[in-house]
Novice: 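One structure coming up, written as structure tokens, with questions to follow.
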Number of protein chains: 2
Amino acid sequence: MNGLGESHSEQAGRPPEARAQGAEEAEVGLAQQAWTLLFELLHTHMRNFPALAAEFDLSPVQAHVLRQLGEGALAMSTLATYLSCDASNVTGLVDRLEARKLVERRSSEQDRRVKMLVLTEAGAELRGRLMARMALPPPFIASMPEEDLLALGDIMRRALKPQ
Amino acid sequence: MNGLGESHSEQAGRPPEARAQGAEEAEVGLAQQAWTLLFELLHTHMRNFPALAAEFDLSPVQAHVLRQLGEGALAMSTLATYLSCDASNVTGLVDRLEARKLVERRSSEQDRRVKMLVLTEAGAELRGRLMARMALPPPFIASMPEEDLLALGDIMRRALKPQ
DNA sequence: TATTGTTATACTCTATAACTATA
DNA sequence: TATAGTTATAGAGTATAACAATA
């Protein structure tokens, strides 16, 4: 869990034009500090995501697809946007999930070029277990004092609010 | 930015044995709430990481390797542990980075089976730019009020403290 | 003409298993 | 015998380019 102090020193070592000037300097410093700390924790935690997905015999991306599909039917092109990947990629991804009877392709009736993706019953059941598993807080959260949890929740809700 | 409310309802819908009882209930609820919010923000943000790495002609994993290597020389087996992947994987990963003159393999003198990895000058330079780029806070952080940034920083530092 | 999804191709990441060279 | 790294192989994720069906 080092690398944090170092990140700060690298930040300080960057050329002046990369740093804020005058009145905004304190704000930028705080934002970078908070972000660097959060980024470190996140990366450390995200290392475990492939193993978490593997508990359900899913790849990380497949887990992500199931998660998105819970919101309702999605066009393949929409899924490509959500995954930030090329449409050709989604074809193979869905092929494998469909072969496992977790999702289904359904031709849209409005536009017959479009194929809508829906979870099968088995897919919805698997997704439910996956979501419950992902909701389990990791140790660094679980061991936080109540006041920190409350403050963190409030801050995150405010961050989501204005959109 | 939905899926959060839904996660909460799924949480509430889980069987009783998956929830804490009595005195601990409030704590677990807070932890799950905070974690679900954080997880959502993280996943949303992490979607951008491949594009960030691509700004430097790196794959996400290559960016991760450069980040780790900044701490000093690492044995290949240690890197495999950090990356949570098989050693055979690291061979190809390092092959490609070495072909680009970003890292070097050096045989350890203590144990001639071991190969230590070090950044080349070009690798260290690229890493510096990468780290500076990663330190730039995303909008949801950059637009936080100062008091939230201070509180978030304090909470994260406390979370890192005890290790 | 433009768009949705597929196919063909190529490269990276990943794991398992068998191998080598050291220890 | 055990460990560090490599090689061979296979499968999944990724992108680009060319294509078919539809709008």
Side-chain angles (χ1 to χ4, degrees), chain A residues 43 46-69 73-100 102-118, chain B residues 43 46-69 73-100 102-118:
Chain A
H43 260 272
M46 285 304 167
R47 269 192 358 203
N48 301 326
F49 191 67
L52 189 157
E55 292 174 23
F56 302 89
D57 280 302
L58 296 170
S59 73
V61 178
Q62 287 175 328
H64 199 175
V65 170
L66 255 56
R67 188 159 145 274
Q68 293 289 356
L69 236 44
L74 282 187
M76 295 188 62
S77 58
T78 307
L79 185 56
T81 303
Y82 282 173
L83 297 175
S84 307
C85 78
D86 191 85
S88 64
N89 206 346
V90 175
T91 297
L93 212 46
V94 171
D95 282 350
R96 290 182 283 274
L97 288 172
E98 200 169 33
R100 285 176 60 183
L102 296 175
V103 308
E104 273 180 27
R105 284 170 164 98
R106 291 189 193 159
S107 284
S108 164
E109 297 181 0
Q110 285 82 32
D111 183 340
R112 278 158 47 200
R113 293 172 303 182
V114 173
K115 291 181 185 164
M116 304 300 291
L117 299 175
V118 292
Chain B
H43 260 274
M46 285 305 167
R47 271 194 355 204
N48 301 327
F49 191 66
L52 190 158
E55 292 174 23
F56 302 89
D57 279 302
L58 296 170
S59 74
V61 178
Q62 288 175 328
H64 199 175
V65 170
L66 255 56
R67 189 159 144 274
Q68 293 289 353
L69 237 44
L74 282 186
M76 295 188 63
S77 57
T78 307
L79 185 56
T81 302
Y82 282 174
L83 296 175
S84 307
C85 77
D86 191 83
S88 64
N89 207 345
V90 175
T91 297
L93 212 46
V94 170
D95 282 349
R96 288 182 284 273
L97 287 172
E98 200 168 35
R100 285 176 60 183
L102 295 174
V103 308
E104 273 181 26
R105 284 169 165 99
R106 291 191 192 158
S107 283
S108 163
E109 297 181 359
Q110 286 82 33
D111 182 339
R112 278 158 47 201
R113 292 172 302 181
V114 173
K115 291 180 185 164
M116 303 301 291
L117 299 175
V118 292

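Lettering of chains follows the sequences in order, A, B, ..., and the numbering in each one begins at 1.
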Novice: Describe the nucleic acid contact of B:S59 in one word from base, sugar-phosphate, nothing, applying a heavy-atom distance below 4.0 Å.
Specialist: sugar-phosphate
Novice: What is the distance, to the nearest angstrom, from the NZ atom on A:K115 to the P atom on D:dT22?
Specialist: 10 Å
Novice: Would you say the base of C:dT3 and the side-chain of A:R113 have a donor-acceptor pair closer than 3.5 Å?
Specialist: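 Looking at the base of C:dT3, it does pair with a donor or acceptor on the side chain of A:R113 (distance under 3.5 Å).
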Novice: Take atom CE of B:M116 and atom C1' of D:dG5, then tell me their distance rounded to the nearest Å.
Specialist: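 It works out to 14 Å between those atoms.
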Novice: Can you tell me the distance, in whole Å, between the CG atom of A:L74 and the P atom of C:dT4?
Specialist: 14 Å
Novice: Output yes when a side-chain donor or acceptor of B:R47 lies under 3.5 Å from a complementary backbone atom of A:Y82, and no otherwise.
Specialist: yes
Novice: Can you tell which of C:dT12, D:dA4, C:dT4 lies closest to the side chain of B:V114?
Specialist: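 The listed nucleotide nearest to B:V114's side chain is D:dA4.
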Novice: On DNA chain C, compare the nucleotides closest to A:R105 and B:L93; which residue's is nearer the 5' end?
Specialist: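 So the residue in question is A:R105.
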Novice: In whole angstroms, how far is the P atom of C:dT7 from the CG atom of A:D86?
Specialist: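 Atom CG in A:D86 sits about 14 Å away from atom P in C:dT7.
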Novice: Just compare D:dA23, C:dT14, D:dG5 and give me whichever is closest to any side-chain atom of A:R112.
Specialist: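 Selected nucleotide (nearest to the side chain): D:dA23.
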Novice: Rounding to an integer number of Å, can you tell me how far A:M76 CE sits from C:dT7 P?
Specialist: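 One finds 10 Å between P of C:dT7 and CE of A:M76, rounded.
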Novice: Take atom CG of B:D95 and atom P of C:dT14, then tell me their distance rounded to the nearest Å.
Specialist: 14 Å
Novice: For B:N89, answer base if it contacts any base atom (sugar-phosphate contacts may also be present), sugar-phosphate if it contacts only those atoms, and nothing otherwise; contact means non-hydrogen atoms under 4.0 Å.
Specialist: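 Result for B:N89 = base.
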Novice: Would you please name every residue forming a salt bridge (Lys or Arg N to Asp or Glu O under 4.0 Å) with B:D95, sequence neighbours left out?
Specialist: B:R105
Novice: Tell me whether the side-chain N or O atoms of B:S88 pair up with the base of C:dT16 as donor and acceptor below 3.5 Å, since no angle test is needed here.
Specialist: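 Donor-acceptor pair under 3.5 Å: yes.
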Novice: How many whole angstroms separate atom CG of A:D111 from atom C1' of C:dA2?
Specialist: 12 Å
Novice: What's the separation between atom OG in A:S108 and atom CZ in A:R113, rounded to the nearest 0.5 Å?
Specialist: 10.0 Å
Novice: Touch check for B:S77, heavy atoms < 4.0 angstrom, all strands: base, sugar-phosphate only, or nothing?
Specialist: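 Sugar-phosphate contact only.
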